Amino acid sequence: MNSESKRAAATDFVREIIAEDLRAGKNNGSVHTRFPPEPNGYLHIGHAKSICLNFGVAAEFNGLCNLRFDDTNPVKEESEYTASIKEDVRWLGYDWGDREYYASDYFELLYEYAVRLIKAGKAYVDDLNADEIRQYRGTLTEPGRESPYRNRTAEENLDLFERMRAGEFEDGSRVLRARIDMMSGNLNMRDPVMYRIIHEEHHRTGNKWCIYPMYDWAHGQSDSIEGITHSLCTLEFEDHRPLYNWFIEQLGIHQPRQIEFARLNLSYTVLSKRRLIQLVREGHVDGWDDPRMPTISGLRRRGYTPESIRDFCGRIGVAKSNSTVDIELLEHCLREDLNRCAPRVMAVLHPLRIVIENYPEGKVEELEAEINPEEPGAGSRKIPFSRELYIERDDFREESPKKFFRLAPGREVRLKHAYIIKCEHVVKDTETGEIVELLCTYDPGTKSGAPQANRKIKGTLHWVSVKHALNAEVRLYDRLFIKENPGDEKECPDMKSCLNPDSIEILRDCKVEPGLSNVRPGDFFQFLRIGYFCVDKDLPDEKLVFNRTVTLRDTWAKIEKKQKGR
RNA sequence: UGGGGCGUAGACAAAUGGCAAGUCAGGAGACUUUGGAUCUCCCAUUUGGAGGUUCGAAUCCUCCCGCCCCAGCCA
């Protein structure tokens with residue numbers, strides 16, 4: 001049983017409301033939700049919260065969840081986005097069956113509904129332009145004024161509306177408005193626009209229409225048409241709920257219940273569409289799927305697993321207060337999942353050559369190494385050991401600080417899966433003083449698994465045989481921002497100055513164990529003692545490229561930081 | 001100064017008038033052939049504030065304070 005199913009009983013106010021509705025016998029005991037993205041951008045981790053909620057709730061209550069594209073604005077939407085959205089939802093592990101819908105599928109019915117409202121005197125064609133409408137709307141504290149066109153007859157409205165559809169009028173010259181209440185304290189109820197004229201080709205309906213429904217007019221009716229029982233959306237639509245309900249009530253059609261929850265904010269990243277676009281446009285990242293992006297495609301390329309994202313979404317809860325979740329929780333979920341399933345391999349990022357002087361030249365031993373200590377059934381692999389090895393430069397210090405358990409002159413360490421070695425001499429470049437190699441000796445009786453091999457040694461290092469090592473490029477990714485709330489105007493008025501200059505570091509001379517010669521894009525590993533890495537999706541010929549997904553928790557780094565801080 | 005929401009630990013988040021859950025972060029220790037993982041313990045005498053009701057209040061009432069959203073022919 002994994003942690004997700006253990007948490008199956010997890011509840012929140014949304015699930016409670018749904019359970020109550022069920023108890024009250026509403027909707028004939030059925031639950032039907034929907035995930036309604038606008039196809040004008042890429043999905044990100046914030047959408048994942050909504051996806052997990054909508055699909056999760058449906059599954060828990062034996063209901064269904066539709067995928068519906070809210071494509072009511074042809075000037076902003078493109079079909080290239082629908083493909084990536086579908087891929088991302090599927091990758092996250094959710095299935096909408098054959099229920100892939102588009103608001104544009106309902107344009108004809110929506111038009112008929114609008115005609116009904118016009119006939120009932122509940123909607124009218126307004127000739128005011130956008131600027132005038134704004135002025136007539138009033139302000140937050142002052143009521144609005146009624147448009148001079150508000151009291152046209154149904155016949156006149158019908159005629160005008162038909163001609164709007166027929167393309168007789170220019171963009172912006174007229175709109176269809178709901179006739180509600182210009183005095184309302186809720187601005188959404190001050191005769192909201194239902195249709196606007198846009199002579200633009202739509203990605204699905206082509207040039208069939210030149211009037212397009214607004215969100216408020218399209219969304220609730222689409223929910224109703226699909227038989228949605230619970231329409232889950234974010235907090236900013238709370239003010240729209242009275243309007244959502246008003247349209248449905250006027251039409252007398254099936255009434256879904258809109259419930260609003262807080263959108264996700266994550267520390268050290270931005271999730272607003274505007275900011276994300278800015279990152280891409282200004283070239284701060286390499287595109288929407290840059291491994292530093294919080295987009296689903298970016299997280300995927302970074303090496304995040306769908307399981308870890310689902311687990312995260314389950315743990316953050318669903319509530320109504322604006323909150324910012326610590327990104328370390330996301331990373332924790334990731335590490336927990338990867339620890340469970342990532343095969344272990346050895347890779348040296350900053351190679352330092354060592355020579356084991358008492359080990360026979362030319363001799364090669366194939367050592368047995370477990371693939372994953374968390375999963376004994378994963379078996380083992382062979383790794384070659386020889387006289388010349390690479391170790392991590394950082395694993396050697398000429399003068400070792402307190403609590404530094406690694407290699408230093410005269411000190412012993414264990415080489416993982418191999419022998420205990422001792423550093424005898426340090427060889428330096430006579431001119432630069434740089435350490436070029438270490439001369440060591442090994443203790444032949446300490447081979448891993450051997451009877452007397454369990455001498456207590458504090459440090460264990462990873463290594464790779466020089467002769468057998470494969471070259472690799474490793475891209476070290478770190479958080480994109482140095483500020484905790486980069487999306488906050490006050491904390492970060494200028495996004496550029498809040499970027500982490502070290503969010504990517506490319507290492508081109510890394511050495512990895514020979515077993516990695518046949519990896520494929522997306523394969524993931526734990527590089528022992530370093531972190532989790534995955535093979536980048538763009539694998540150049542004859543070259544290995546690994547992305548660092550997340551580091552291992554590093555106790556030594558913490559100790560060292562504390563020592564330096566003193 | 002209109003309307004709609006929200007305030008529980010550093011970050012999330014439970015509690016539904018009856019002893020303030022859990023998770024992440026942080027701290028201490030155990031264990032360890034990954035300084036990983038794992039395990040143990042610590043981390044809110046108090047729920048934005050002040051009054052009130054009650055045997056008993058995070059929860060009910062009153063007032064106050066703070067924060068978020070809304071004036072697109074965007075969603």
Side-chain angles (χ1 to χ4, degrees), chain A residues 7 10-12 16 36-38 40 70 72-73 75-77 126 128-131 133-135 137-144 171-177 183-190 192-198 212 214-216 218-219 233-242 260 262 267 273 315-333 335-336 339-340 344 346 373-374 403-406 413-418 420 446 448-449 453-462 484 526-531 551-559:
Chain A
R7 245 183 298 279
T11 192
D12 52 65
E16 271 169 28
E38 184 188 11
N40 73 339
D70 228 330
T72 56
N73 188 348
V75 311
K76 295 170 72 176
E77 294 144 10
D126 197 346
L128 257 30
N129 64 36
D131 207 47
I133 285 182
R134 188 179 330 118
Q135 282 164 21
R137 186 156 33 227
T139 67
L140 294 180
T141 51
E142 298 159 24
D171 286 10
S173 60
R174 272 176 243 259
V175 291
L176 184 74
R177 288 229 252 174
M183 307 285 284
S184 175
N186 182 345
L187 299 253
N188 294 301
M189 300 300 271
R190 316 237 266 229
V193 171
M194 294 166 66
Y195 278 95
R196 69 288 215 197
I197 301 170
I198 304 175
Y212 291 92
M214 296 285 290
Y215 166 85
D216 286 304
H219 198 92
C233 63
T234 45
L235 251 28
E236 66 270 28
F237 292 104
E238 217 150 13
D239 287 349
H240 294 240
R241 184 165 13 107
E260 311 84 12
S267 63
K273 205 163 270 179
R315 290 196 203 208
I316 57 177
V318 179
K320 296 195 69 155
S321 57
N322 288 311
S323 58
T324 301
V325 177
D326 195 334
I327 193 154
E328 298 210 51
L329 178 58
L330 212 210
E331 291 175 349
H332 168 82
C333 294
R335 288 192 181 102
E336 194 172 83
N339 175 55
R340 196 159 41 215
R344 307 307 120 121
M346 294 202 284
E374 300 294 319
K403 292 192 181 171
F404 182 83
F405 302 144
R406 307 176 186 180
V413 293
R414 168 166 298 276
L415 293 180
K416 182 71 180 173
H417 303 304
I420 291 171
T446 57
S448 278
N454 38 358
R455 256 168 63 199
K456 283 277 181 241
I457 294 287
K458 273 285 195 183
T460 301
L461 309 188
H462 58 276
E484 195 169 335
Q526 183 195 103
F527 286 1
L528 230 58
R529 302 208 307 133
I530 303 174
T551 61
L552 243 29
R553 286 188 64 220
D554 189 344
T555 309
W556 165 243
K558 211 177 280 178
I559 292 170

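Every chain is numbered from 1, with letters handed out A, B, ... down the list of sequences. Keep in mind the model is a prediction, meaning the values are calculated, not measured.
Residue-to-nucleotide contacts include a donor-acceptor pair under 3.5 Å from the side chain of A:Arg406 to the base of B:G35. At a cut-off of 3.5 angstrom, the base of B:U34 holds no donor-acceptor pair with the side chain of A:Arg529. The base of B:U38 is not paired with the side chain of A:Glu374 by any donor and acceptor separated by under 3.5 Å.
Although no hydrogens or angles enter the test, the distance criterion places a donor-acceptor pair under 3.5 Å between the side chain of A:Arg190 and the main chain of A:Ser184. A:Arg414 contributes a side-chain N or O that, together with a main-chain N or O of A:Ala418, makes up a donor-acceptor pair within less than 3.5 Å.
B:G35 has A:Trp556 stacked on its base ring, the centres lying under 5.5 angstrom apart and the planes within 30 degrees of parallel.
Side-chain N/O atoms of A:Thr72 include one lying less than 4.0 angstrom from OP1 or OP2 on B:A75. OP1 or OP2 of B:A37 sits under 4.0 Å from a side-chain N or O of A:Arg553. Residue A:Thr555 places at least one side-chain N or O under 4.0 Å from the OP1 or OP2 atom of B:G36. A:Ser321 has a side-chain polar atom (N or O) that falls below the 4.0 Å cut-off from OP1 or OP2 of B:A13.
Between A:Arg344 and A:Thr141, it is A:Thr141 whose nearest contact on RNA chain B lies nearer the 5' terminus. RNA chain B is contacted by both A:Lys403 and A:Asp171; A:Lys403 maps to the nucleotide lying nearer its 5′ end (nearest heavy atom per residue).
Residues meeting the ring pair (Phe, Tyr, Trp, His ring centres under 6.0 Å) test with A:His219, sequence neighbours left out: A:Tyr215. Listed by chain and residue number, A:Phe237 satisfy the ring pair (Phe, Tyr, Trp, His ring centres under 6.0 Å) test with A:His240 (two or more places apart in sequence, or in another chain). Partners of A:Ala218 under the side chain to side chain contact (heavy atoms under 4.5 Å, CB included) rule, at least two apart in sequence or in another chain, are A:Thr72, A:Leu110, A:Pro213. For A:Pro143, the side chain to side chain contact (heavy atoms under 4.5 Å, CB included) partners two or more places apart in sequence, or in a different chain, are A:Met183. Evaluation of the salt bridge (Lys or Arg N to Asp or Glu O under 4.0 Å) rule for A:Arg196 yields no partner, not counting sequence neighbours. Here A:Val413 pairs with A:Leu407, A:Ile421, A:Leu461 under the side chain to side chain contact (heavy atoms under 4.5 Å, CB included) rule; sequence neighbours left out. Evaluation of the side-chain hydrogen bond (donor to acceptor under 3.5 Å, both in side chains) rule for A:Asp239 yields no partner, not counting sequence neighbours. The ring pair (Phe, Tyr, Trp, His ring centres under 6.0 Å) search around A:Phe404 returns A:Trp556, not counting sequence neighbours.
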Donor-acceptor contacts, no H, no angles, side chain residues 321-329 of chain A, under 3.5 Å, sequence neighbours left out:
from: A:Asp326; atom 1: OD1; to: A:Glu328; atom 2: N; distance (Å): 3.1

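Rounding to whole angstrom units, CG of residue A:Leu330 and P of B:U23 are separated by 18 Å. Between A:His332 atom NE2 and B:G22 atom P there is a gap of 15 Å when expressed in whole angstrom units. Here B:U32 presents its P atom at 14 Å from CZ of A:Arg414, a figure rounded to the nearest Å. Between the CD atom of A:Glu238 and the P atom of B:C6 there is a distance of 6 Å, rounded to whole Å.
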Where do N or O atoms of nucleotides 64-71 of chain B meet protein N or O atoms at under 3.5 Å, pair by pair?
from: B:C68; atom 1: O2'; to: A:Asn322; atom 2: ND2; distance (Å): 3.0
from: B:A71; atom 1: O2'; to: A:Arg137; atom 2: NE; distance (Å): 3.4

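Residues A:Ser448 and A:His417 share a closest heavy-atom pair of OG-C, 3.2 Å.
For B:G72, the O4'-C1' to base torsion is within 90° of 0; the nucleotide is therefore syn.
Of all the residues in residues 455-462 of chain A, A:Lys456, A:Thr460 reach under 4.0 Å from RNA chain B with at least one non-hydrogen atom.
Counting only Watson-Crick and G-U wobble pairs whose two key distances fall under 3.5 Å, RNA chain B forms stems of three or more stacked pairs at B:2-7 with B:65-70, B:10-12 with B:22-24, B:26-30 with B:38-42, B:48-52 with B:60-64.
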